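Along the sequence shown, residues are numbered consecutively beginning with 1. Remember, it's 1-based here, ligands and their atoms both numbered in the order they're listed. Source: prediction; values computed, not measured.
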Amino acid sequence: MLDINTIEKLDRIATPFYYYDMELLRKTVDFVADLAERHNIKVHYAVKANVERRILEYISSKGFGADCVSGNEVLHAHSCGFPAEKIVYAGVGKTDKEIYNGLKLGIEAFNCESLQEIYVINEMARVYGLKANVSVRINPDIDAHTHKYVTTGLYENKFGISQHEFDKLIDIIKKSEHINFYGLHFHIGSQITRVSEVFALECCRVNDIVAYFERNGLKVDNINLGGGLGVDYDDPDENPIADFETWFETINANIVRREDQNVHIEPGRSLVAQCATLISRVLFVKSGETKNFLIMDAGMNDLIRPALYGAYHKIENLSAAQRTFFPTHQAYDIVGPVCESSDVWGAGRLLPLSVRGDLMAIRSTGAYGQVMASRYNMKDLAPSVFSDTLDEAPQVVDYFA
Ligand code: LLP
């Protein structure tokens, strides 16, 4: 929960907006940088989770690389301080323009997801007289035990190259003169909470696959295990920093590597989720036939996770927390303004008695929040407000003045 001074300042800012706790961001990133160095693991931040310039600039300043999934992410990451030689680029559907830009920039590696893609990159590199670093994304067929929309490492998923094509793949790589074989890439899913079990399984499978490639004449210098570490959406105050220790320890206990072999990971959510809160206001309180509705000014256009995945985000009434009398509680269906019945923040949530104008906090929204926002219903995009420049934020307009 935010402190009273901060809440008073936030109350003067036009809602909805994403409030970034820059101190927590720095604490998280510094903690991971230190841990990574001690475990000899390289970290690429998965840019897709949050593309806010200030966040990227801080993460790049700590020496992290960037994991991108579109040409624009590559260019943006580069403009935010990530050197080209620390940018990797995955994605099942790279366009010619995106490949061209990556080649010209000289990125660390393309993480290729099909045989045809390797062929195209090799041809483009030939035409432009360049050599491309190519890693291969493998589909290891591992269940990450997470939501089915964010499970990526099963054969039923579109990602990576699967086992039945390994021999053809090795053959193509050997014959492609305009690529350097850089390594193997894996990413099995997101919001993984069974950390030691799932990542140990991933490492064991990776060991077998790396050994197969090396037996067949391809030296695997870089092993990229992807991202996926889950965060605590239920209790962000109890666990503001995700369990990176268990993740790193599980990797080092299970991965087999030579001294000259690099191990990479690509966390997105776990670096940024807890540092943002979507701040919204209660517009109206309405009593329905069977329930009470709290109608907020933030909706699924601002954060689509509840509507798309049924995701849980903790919601707090910040104004009620400041009232000095003992609050009565009530169950509300907290909803947004968008014309869709799935625009629900939480059903039957118990909150202190809430009234029009109350300031509300939707917690843990730093990852896959702003980046997935849309202008559906022609709503404005919620801006970013930073804890260290709070006074510069646009103030709320009093239409009755
Ligand atoms: N590497 C690759 C290749 C990925 O596709 C992803 C995420 C990551 C790394 C980072 O994963 P993370 O550490 O953030 O779990 N919109 C969904 C999540 C989609 C994840 C997509 N890929 C959500 O809001 O839950």
Side-chain angles (χ1 to χ4, degrees), residues 28-29 32 36 41-51 55 59 64-70 73-74 77 87-94 108-113 117 135-140 142 144-154 157-161 183-195 198-199 202 222-233 241-244 247-248 251 264-276 278 300 302-313 362-374:
T28 310
V29 173
V32 175
I41 289 176
K42 294 194 185 326
V43 184
H44 285 72
Y45 164 60
V47 169
K48 65 181 77 64
N50 191 308
V51 298
I55 293 180
I59 296 177
F64 288 53
D67 156 52
C68 300
V69 286
S70 75
E73 279 190 7
V74 169
I87 297 177
V88 295
Y89 176 15
V92 289
K94 303 177 183 78
E108 177 179 355
F110 290 89
N111 292 335
C112 289
E113 308 219 13
E117 185 189 335
S135 274
V136 178
R137 179 165 178 182
I138 301 293
N139 185 325
I142 286 180
H145 295 289
T146 182
H147 191 283
K148 80 174 172 102
Y149 287 1
V150 295
T151 291
T152 50
L154 288 172
N157 304 128
K158 66 181 174 182
F159 301 99
I161 297 174
L184 296 179
H185 174 222
F186 304 83
H187 171 74
I188 58 174
S190 197
Q191 185 54 19
I192 294 168
T193 49
R194 288 156 70 163
V195 180
V198 169
F199 287 108
E202 183 192 16
N222 294 282
I223 305 169
N224 182 341
L225 297 170
L229 179 64
V231 304
D232 191 345
Y233 283 103
I241 298 184
D243 192 0
F244 287 95
W247 193 21
F248 281 76
I251 291 172
H264 299 239
I265 52 165
E266 307 173 326
R269 185 193 314 268
S270 50
L271 283 175
V272 293
Q274 301 293 21
C275 76
L278 176 57
M300 64 190 282
D302 299 301
L303 178 79
I304 203 172
R305 302 193 71 256
L308 189 58
Y309 314 114
Y312 174 88
H313 286 265
I362 304 167
R363 303 290 306 275
S364 320
T365 50
Y368 308 110
Q370 255 175 326
V371 283
M372 293 179 80
S374 79

Going by the atom numbers of ligand 1, which of them fall below 4.0 Å from some non-hydrogen atom of [X]?
{"X": "Arg137", "answer": "3 (C)"}
{"X": "Met372", "answer": "16 (N)"}
{"X": "Asp67", "answer": "1 (N), 2 (C), 9 (C)"}
{"X": "Gly227", "answer": "9 (C), 13 (O)"}
{"X": "Ala46", "answer": "8 (C), 9 (C), 10 (C)"}
{"X": "Arg305", "answer": "23 (C), 24 (O), 25 (O)"}
{"X": "Pro267", "answer": "13 (O)"}

**Message:** Does the plane of the ring in Phe110 sit parallel, tilted or perpendicular to the ring in Tyr89? Use 30° and 60° as the thresholds.
**Reply:** tilted
**Request:** Measure the acute angle between the ring planes of His313 and Tyr233, then classify it against the limits of 30° and 60° as parallel, tilted or perpendicular.
**Result:**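 It falls in the perpendicular class, over 60°.
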Please write down residue, atom name and distance for the protein heavy atom closest to [atom].
{"atom": "atom 1 (N) of ligand 1", "value": "Glu266 OE1, 2.6 Å"}
{"atom": "atom 20 (C) of ligand 1", "value": "Tyr368 OH, 3.6 Å"}
{"atom": "atom 21 (C) of ligand 1", "value": "Lys48 CD, 3.8 Å"}

Is it the side chain (CB and beyond), the backbone, both or neither of [X] that lies under 4.0 Å from ligand 1, heavy atoms counted?
{"X": "Tyr309", "answer": "side chain"}
{"X": "Arg269", "answer": "both"}
{"X": "Ala49", "answer": "neither"}

**Prompt:** Is Glu117 salt-bridged to Lys94, going by a charged N under 4.0 Å from an acidic O?
**Reply:** yes
Flag side-chain contact, heavy atom, 4.5 Å: [X] against [Y]:
{"X": "Ser374", "Y": "Ile304", "answer": "no"}
{"X": "Ile265", "Y": "Phe248", "answer": "yes"}
{"X": "Phe186", "Y": "Ile142", "answer": "no"}

**Prompt:** Does His147 reach ligand 1, in the sense of a heavy atom lying below 4.0 Å from it?
**Reply:** no
**Prompt:** Among the heavy atoms of Gly228, does any lie under 4.0 Å from an atom of ligand 1?
**Reply:** yes
**Request:** Please indicate whether any nitrogen or oxygen in Ser190 is less than 3.5 Å from any nitrogen or oxygen in ligand 1.
**Result:** yes
**Prompt:** Considering the options His185, Lys48, Lys42, His44, which one meets the side chain to side chain donor-acceptor pair (under 3.5 Å) requirement together with Glu266?
**Reply:** His185
